Each structure stands twice: as structure tokens, then as C-alpha cells.
Amino acid sequence: MKMPYIIEKKRDGKDLSREEIEFLVRGIADGTIPDYQISAWAMAVYFRGMNPRETRDLALAMAYSGEVIELSAVEGVKVDKHSTGGVGDKTTLVVIPLVAATGVPVAKMSGRGLGHTGGTIDKFESITGFKVEMAYPAFLQQVSQIKAAVVSQSGNLVPADKRLYAIRDVTATIDSIPLIASSVMSKKIASGAEGIVLDVKVGSGAFMKSYEKASQLAKTMIDIGRGAGRKVAALLSNMDQPLGNAVGNALEVKEAIDTLQGQGPPDLEELSLELAAQMIVLGEKAASINDARDLARAALKSGLGLVSWKQMVETQGGELNYSLPSYGLPEAAIKERILADKRAYIENLDALKIGQAAMLLGAGRERLGDIIDYAVGIELLKKPGDLVEAGDTLAIIHANDPGRLEMARKILLDAYHFSDEAVEKKPLIIETIS
Ligand code: URA
């Protein structure tokens with residue numbers, strides 16, 4: 001098989017056979033196909049797309065291009081969740097213990113963040129001592145015993161996606177639904193869970209800016225997952241504004257713990273409960289979504305979710321002190337209040353700008369390998385729909401560097417849009433596809 005022919009076929013809008021896709025993925029993983037041919041092919045896909053069969057074949061070939069996690073030693077229906085990435089999205093931290101508390105095992109492999117959306121692993125690593133690297137038998141044993149574990153995605157998982165993603169990142173070919181869907185789902189399939197709940201974000205702070213594209217992405221991912229014999233459900237959720245009030249690693253962990261104590265922001269609680277409910281249904285602990293919602297809510301209200309969180313953190317070596325307001329998480333040296341200068345309603349709070357401001361403070365990575373400052377970030381005290389008076393605190397910037405603080409302040413002020421008229425809040429959960 002010859003790579004120029006495969007590129008030419010896709011360039012001319014023809015469908016690739018399964019054998020051609022498998023040849024391509026093998027060559028990506030073992031390095032025998034050079035970067036320039038892979039980028040030409042990715043650009044051809046960008047313009048010509050892939051049909052559902054090609055997209056499934058690509059995802060499956062990538063999923064099996066490296067190590068595949070075998071979870072059958074753990075009893076029960078193992079479930080996983082994936083978010084396409086949003087600002088302030090710490091739902092995984094709330095959802096894992098809630099679902100585990102209902103008896104559904106969650107063996108979570110997560111990634112580090114790049115760009116304006118944070119990574120789950122970075123959030124857990126802001127807890128002193130928390131280990132995200134674990135030998136495979138220990139990982140399985142922990143999931144069997146306490147139903148919950150979170151580890152950093154193994155280096156050998158889906159090598160074809162790792163190389164392809166790096167090439168797409170520098171050739172303007174990230175923004176392609178078949179390529180995104182196969183990239184995400186290859187990792188989920190290789191991670192071994194039988195049930196997968198997808199949280200597809202829509203809005204200014206998300207990959208997918210429009211409902212149409214988000215819905216198409218969700219349906220493509222569901223099709224891939226089901227084609228691989230997995231149970232899949234998807235939510236479309238709003239990411240025009242950050243989720244919850246905290247943006248920044250340690251601040252988000254604190255907010256997740258507050259939420260598990262019943263004192264979190266309503267939007268974070270609502271989305272976490274819904275994701276948990278979808279996972280509980282896939283994990284076969286409830287016959288209907290309404291029963292699953294009751295189970296998730298009961299795990300939150302009874303405190304069993306918090307018990308499960310504490311067990312997981314302790315087992316993975318994390319040190320927290322629940323009697324302190326900060327729970328012993330790292331705190332920034334500077335806490336600067338940003339005040340409203342007039343009476344107005346908040347019309348909009350641009351999630352992308354808040355993510356960029358947090359990144360500037362040091363909460364995220366611009367490049368792979370950048371060092372993160374876990375303590376810094378932004379606390380949003382006022383959000384869209386709220387009425388503010390002159391002098392009210394809109395937000396608190398947590399910073400360790402006065403220069404970065406100034407830059408973040410400008411972006412933060414730019415992110416808030418005001419109105420003289422009352423503003424209606426947009427629904428958080430746009431649609432469920434199950
Ligand atoms: N996230 C992924 O894992 N892959 C993509 O292609 C885009 C986002």
C-alpha cells in the first residue's frame with residue numbers, strides 16, 4: 001500500500017477502506033510514515049471529512065495502536081466520563097466519588113491540561129502528596145476495593161493519536177469532527193470502561209462554539225463507542241461562561257470538596273448530578289435515569305460521596321485537612337478583589353477570556369512541559385444574571401506575581417459584559433443524547 005495513493009483518494013473525496021486506514025494508523029504509530037504525508041492526509045480529511053464507517057475504523061485502529069487497559073478483573077460494569085474541555089470544569093472530581101458511592105466502579109484515566117482549559121490530573125496534583133502514577137495491579141486493586149481511582153494516562157496508550165494530535169496541532173487540522181471524535185474515543189476505548197458518558201461543551205470557552213457542531217460531535221462519538229461495543233450517553237452543556245465559581249487548580253479542588261459537602265455552586269452541582277446519574281444508569285445500578293438521579297442525590301446529601309472522595313484521596317497519598325477553610329490546599333500570596341464600578345446586571349461572562357486570564361496567572365500551560373502554579377486562579381463571585389451594585393466584588397484574583405496579576409485583571413474586566421436590563425440565565429444542560 002502506498003501513502004501518496006491514500007492521500008490522493010481522500011483529497012479527491014473518496015472513502016478509504018478499513019485496510020487503508022489500518023495501514024495509515026500502523027505507519028503513524030511505528031513512525032514509518034513521515035510527518036509531511038500524515039499532515040497532507042489530515043488536511044485532506046479536514047476538507048473532505050470521513051463517513052461514519054471510516055471514522056469508526058480510524059478510532060478503533062488508533063485505540064489498538066498501543067496498550068489497551070483490561071478491567072475485567074474488577075467486578076461490576078466499569079464506567080468512565082469525558083469532557084471535551086471547559087473553563088472551571090471540575091465535574092470529574094465530584095462525579096467520581098458520587099458514582100463510586102453508589103457501587104459503580106470508576107477507573108479513571110485523565111490527562112494534563114493544555115491551553116485555557118484545565119486538566120483533571122493537574123487539579124488532583126494540587127493536593128500535596130497525591131500520586132497520579134500507579135502500577136497497573138495497584139490501580140485495579142484500588143478500583144476493586146473502593147470503586148474509585150484516578151491516574152494519569154499511561155504513556156503507551158494510543159501512540160497513534162499522540163503523534164497524530166501533535167501533527168494536527170501545528171497544521172491547523174485540529175478542528176475536524178471525525179478527527180476529534182476518533183481521537184477522543186480511541187483513548188476512551190483503550191482505557192477499558194464498558195460505559196462512557198460524554199460531556200460535550202458548547203460555547204465561547206469550548207472547542208465547539210455552536211450547538212450544531214457540538215451535536216454532530218456528540219453523535220459521531222456515540223456512534224464510534226457503540227460500534228466498539230461500549231454503552232455511551234452524551235450531554236451537551238453550556239460553556240459560554242465558566243462552570244462554577246472557581247478557575248485554577250487548587251481553587252477548583254476546594255470547590256469540588258465544597259460541592260461534595262452540599263455547599264457548592266448550583267451549576268456545578270446540577271451538572272455533576274446529571275453526569276453521575278447517566279453513569280449510574282450505564283453502570284446498571286438503576287433502571288431509569290430518574291432512579292439514578294435519586295441515587296446520585298442521595299450520595300451527595302448523605303455525605304457518602306464525600307466519604308468516597310476522602311477514601312480515594314487518602315489511598316492515593318493525598319494530604320488534606322478538612323478542618324481548615326482551604327482544606328490545606330496551596331494558597332496564593334496575593335488575593336485581589338475586582339470591584340464593580342456601577343449598578344448593572346451581568347449579561348455575559350466570557351469563559352474563554354477567564355480561561356486565558358487564569359492561564360496568564362500560571363494556572364495552565366501554554367506549551368507542553370510548562371510548570372503550573374497550583375495556587376493561582378480566579379474566584380468568580382458574580383455571574384451572568386446577577387445584579388451588582390457599585391463597589392460589589394465581581395471576582396477575586398489569586399496571584400503570586402504582581403505583573404501577571406495586572407495582565408489578568410485587564411482580561412478579567414474585559415470578560416464581564418453588563419446590561420441595564422435584567423438578564424435571563426441560560427440553561428446549563430442543553431440536551432441529553434442517550
Ligand atoms: N481532545 C482530544 O483528545 N483530541 C482532539 O482531537 C481534540 C480534543
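Everything numeric here is computed off the predicted structure, so don't read it as measured data. Every number for a ligand or one of its atoms is a count from 1 in the order of the listing.
Ionic pairing of Lys10 and Glu54 is present here: one or more N-O contacts between side-chain nitrogen and carboxylate oxygen are shorter than 4.0 angstrom. A salt bridge links Lys201 with Asp199; the closest basic N to acidic carboxylate O contact falls under 4.0 Å. One finds no salt bridge joining Lys383 and Asp386 here, because no Lys/Arg side-chain nitrogen approaches an Asp/Glu carboxylate oxygen to under 4.0 Å. Using a 4.0 Å cut-off between a side-chain N of Lys or Arg and a carboxylate O of Asp or Glu, Arg18 and Glu22 qualify as a salt bridge.
Within ligand 1, counting atoms from 1 as listed, the ones closer than 4.0 Å to a heavy atom of Tyr165 are 4 (N), 5 (C), 6 (O), 7 (C).
Between Ser183 and ligand 1, an N or O atom pair is found at a separation short of 3.5 Å.
Closest to atom 1 (N) of ligand 1 among all protein heavy atoms lies Val184 CG2, 4.0 Å. Remark: minimum distance from atom 8 (C) of ligand 1 to any protein heavy atom is reached at Phe207 CE1, 3.3 Å. Atom 3 (O) of ligand 1 has its closest protein heavy atom at Lys187 NZ, 2.5 Å.
For the pair Lys353/Leu412, no side-chain contact is recorded, criterion being any heavy-atom separation below 4.5 Å from C-beta on.
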